[in-house]
Amino acid sequence: MTARSSTHSQPGWPPPAAVGAPAAPRSAGRRAGGPWRRRLADQSRAYAFLVGGLLCFALFSWYPAIRAVVIAFQKYTPGSPPQWVGTANFTRVFHDPEFTAAWRNTFTFTLLALLIGFAVPFVMALVLNELRHAKAFFRVVVYLPVMIPPVVSALLWKWFYDPGAGLANEALRFLHLPTSNWSNGADTALVSLVIVATWANMGGTVLIYLAALQGIPGELYEAAELDGANILQRIRHVTIPQTRFIVLMLMLLQIIATMQVFTEPFVITGGGPENATVTVLYLIYKYAFLYNDFGGACALSVMLLVLLGVFSAVYLRLTRSSGEEYS
């Protein structure tokens with residue numbers, strides 16, 4: 001009796017619930033809602049980032065594009081209300097003498113870029129793929145021009161092309177070869193710009209080609225060697241068929257990129273000499289910021305947008321077809 005009384009008189013009685021005992025209904029409800037709340041919080045953060053990205057994209061990409069299409073049909077002068085003029089901007093731009101020169105130069109630049117800037121990276125990727133030593137070093141060397149800002153590259157090549165003391169003509173004099181006007185000659189200016197663009201942008205293309213080449217199974221080359229194929233035959237019958245999709249995709253991307261060439265003509269030649277390097281994008285710049293004709297600039301932009309939209313649709317169609325083929 002005494003022991004029992006002393007037990008009941010201890011502080012903290014009754015003893016706490018045993019570990020693992022079922023909690024109160026309120027606690028059980030809180031635990032059940034915990035994962036749901038965490039999932040809702042995670043989704044809310046994800047949607048917040050998504051909405052922020054979409055707002056930035058809409059503000060800086062969609063809205064300017066839609067606004068440019070509207071201004072293309074207006075007479076727009078800063079500080080005065082716009083006036084609807086229909087297709088007058090397109091008609092005026094179409095009859096501009098620089099219009100034909102700009103489109104001719106742009107298509108010529110694109111064609112030369114495909115002939116020079118498309119074959120050179122593929123050949124360099126083949127050479128790098130066959131190297132046995134210092135592969136990492138040469139990959140860095142090839143990719144280094146991509147890391148240089150485009151304006152810096154253009155200024156560097158502008159100095160190279162100087163007809164007087166430029167490095168290009170100095171090298172020709174050292175080799176006892178005739179010099180050239182390079183970017184200062186109407187016949188050589190566009191080719192000179194293609195060389196600049198090829199040098200500045202081929203690093204990424206080379207690495208993509210190199211990754212595609214390293215994905216070709218070695219058994220195909222071994223079988224071709226057993227059949228007596230030389231290196232050119234292996235490239236023709238193994239390398240090119242195995243990389244044809246990558247080649248086609250990069251060709252379309254290069255067409256889309258070279259149709260928008262602007263930095264090289266703007267920095268190196270200023271569109272000259274004799275409008276030999278005026279491109280569509282450079283003409284858009286002239287209409288907007290030199291002529292103060294935003295309606296004409298937007299009309300040209302719409303024309304370029306439609307053309308690039310066709311190439312982009314072809315690119316998306318091919319990538320979708322390839323994804324369905326490999327899925």
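The first residue in the sequence is number 1, and the count goes up from there.
For P273 against G185, the heavy-atom pair with the smallest separation is CG-C, 3.7 Å. Heavy atoms only, all atoms of each residue included: V93 and A299 are closest at CG2-CB, 4.5 Å. Among all heavy-atom pairs drawn from G272 and A189, the shortest one is O-CB, 4.4 Å. The two residues G228 and Q233 come nearest to each other via the heavy atoms O-OE1, 3.9 Å. For the pair Q254 and A113, the tightest heavy-atom approach, listed with the atom from each and the gap, is NE2-O, 2.9 Å. Of all non-hydrogen atoms in S153 and P145, the two that sit nearest each other are OG-O, 4.4 Å.
Under a hydrophobic clustering in which Ile, Leu, Val, Met, Phe, Trp and Tyr are joined whenever their side-chain heavy atoms come within less than 4.5 Å, directly or via other members, L112 and I268 fall into the same cluster. Neither L131 nor V140 shares a network with the other; the hydrophobic side chains, linked directly or stepwise wherever heavy atoms of I, L, V, M, F, W or Y lie under 4.5 Å apart, form separate groups for each. Residues L250 and Y143 fall into different hydrophobic clusters, defined by Ile, Leu, Val, Met, Phe, Trp and Tyr side chains chained together at heavy-atom separations under 4.5 Å. When hydrophobic clusters are built by joining Ile, Leu, Val, Met, Phe, Trp and Tyr residues whose side-chain heavy atoms come closer than 4.5 Å, directly or via intermediates, I71 is not grouped with F90. In this structure, L316 is a member of the same hydrophobic cluster as M251, with clusters built from ILVMFWY side-chain heavy atoms closer than 4.5 Å.
In this structure a side-chain-to-backbone donor-acceptor pair under 3.5 Å is missing from N169 to T179. T258 contributes a side-chain N or O that, together with a main-chain N or O of I255, makes up a donor-acceptor pair within less than 3.5 Å. Panel note: side chain Q260, backbone A257; no donor-acceptor pair is recorded below 3.5 Å. In terms of modelled atom types and a separation under 3.5 Å, the side chain of T279 and the main chain of V261 share a donor-acceptor contact. Remark: the backbone N or O of L232 is paired with a side-chain donor or acceptor of N230 at under 3.5 angstrom. No donor-acceptor pair under 3.5 Å is formed between the side chain of E130 and the backbone N or O of L126.
With rounding to the nearest 0.5 angstrom, the OH atom of Y76 is 13.0 Å from the CD atom of Q83. In this structure, CZ on F49 lies 13.5 Å from CG on L54, to the nearest 0.5 angstrom. With rounding to the nearest 0.5 angstrom, the CD atom of E225 is 9.5 Å from the CD1 atom of I231. Rounding to the nearest 0.5 Å places CG of L114 at 7.0 Å from OG1 of T110. L252 contributes atom CG, which lies 9.0 Å from atom OG of S312 (distance to the nearest 0.5 angstrom). The CZ atom of F294 lies 6.0 Å from the CZ atom of F289; values are rounded to the nearest 0.5 Å.
Residues in residues 169-181 take part in these salt bridge (charged side-chain N to carboxylate O under 4.0 Å, His left out) pairs, two or more places apart or across chains: E170-R173. Annotation: salt bridge (charged side-chain N to carboxylate O under 4.0 Å, His left out) contacts involving residues 285-299, sequence neighbours excluded, comprise R92-D293, E98-K286. The side chain to side chain donor-acceptor pair (under 3.5 Å) contacts involving residues 262-277 comprise T269-T277, where partners must be two or more places apart or lie in separate chains. For residues 68-88, the set of pairs meeting the salt bridge (charged side-chain N to carboxylate O under 4.0 Å, His left out) definition, not counting sequence neighbours, is empty.
With sequence neighbours excluded, the residues forming a ring-ring contact (aromatic ring centres under 6.0 Å, His included) with F266 are F262, Y285, listed by chain and number. When the side-chain contact (heavy atoms from CB on, under 4.5 Å) test is applied to A68, the partners found at least two apart in sequence or on another chain are C298. Evaluation of the ring-ring contact (aromatic ring centres under 6.0 Å, His included) rule for F57 yields W62 as partners, not counting sequence neighbours. In this view, T91 and T87, H95 satisfy the side-chain contact (heavy atoms from CB on, under 4.5 Å) rule, not counting sequence neighbours. Residues forming a ring-ring contact (aromatic ring centres under 6.0 Å, His included) with F311 (at least two apart in sequence, or on another chain): none. Y63 pairs by the ring-ring contact (aromatic ring centres under 6.0 Å, His included) definition with nothing, not counting sequence neighbours.
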Worksheet item: Under the side-chain contact (heavy atoms from CB on, under 4.5 Å) criterion, do F109 and M259 qualify, and how do the steps go?
Response: CA-CA 8 Å; F109 186 94; M259 290 288 292; over 6 Å; no
Discussion item. As a quick check of understanding, evaluate side-chain contact (heavy atoms from CB on, under 4.5 Å) for V70 and R67, giving each step before the final call.
Written reply: CA-CA 5 Å; V70 174; R67 184 67 176 146; 4.1 Å; yes
Worksheet item: Hey, mind stepping through V69 and I66 against side-chain contact (heavy atoms from CB on, under 4.5 Å) and telling me if it holds?
Response: CA-CA 5 Å; V69 173; I66 296 173; 5.8 Å; no
Worksheet item: Would N105 and Y282 count as a side-chain contact (heavy atoms from CB on, under 4.5 Å) if you check the C-alpha gap in whole Å, the side-chain angles of each, and the deciding distance to 0.1 Å?
Response: CA-CA 11 Å; N105 294 335; Y282 186 76; over 6 Å; no
Hey, can you pull the donor-acceptor pairs under 3.5 Å for the side chains in residues 158-165, sequence neighbours left out?
| unit_1 | atom_1 | unit_2 | atom_2 | d |
| --- | --- | --- | --- | --- |
| Y161 | OH | S192 | O | 3.0 |
| D162 | OD1 | G164 | N | 2.9 |
| D162 | OD1 | A165 | N | 3.1 |

Identify each donor-acceptor pair in which a side-chain atom of residues 195-223 lies under 3.5 Å from a protein atom, sequence neighbours left out, and give them as a table.
| unit_1 | atom_1 | unit_2 | atom_2 | d |
| --- | --- | --- | --- | --- |
| T198 | OG1 | V194 | O | 2.8 |
| N201 | ND2 | A197 | O | 2.9 |
| Y221 | OH | T239 | OG1 | 2.7 |

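Considering only heavy atoms from C-beta on, L283 stays 4.5 Å or farther from W103 through its side chain. With contacts defined as side-chain heavy-atom distances shorter than 4.5 Å, the pair L55/L59 does not qualify.
Residue D187 places its CG atom among 12 or fewer non-hydrogen atoms of other residues, nucleotides or ligands, all under 6.0 Å distant.
For the 3.5 Å distance criterion, the side chains of N292 and Y287 fail to qualify, holding no donor opposite an acceptor.
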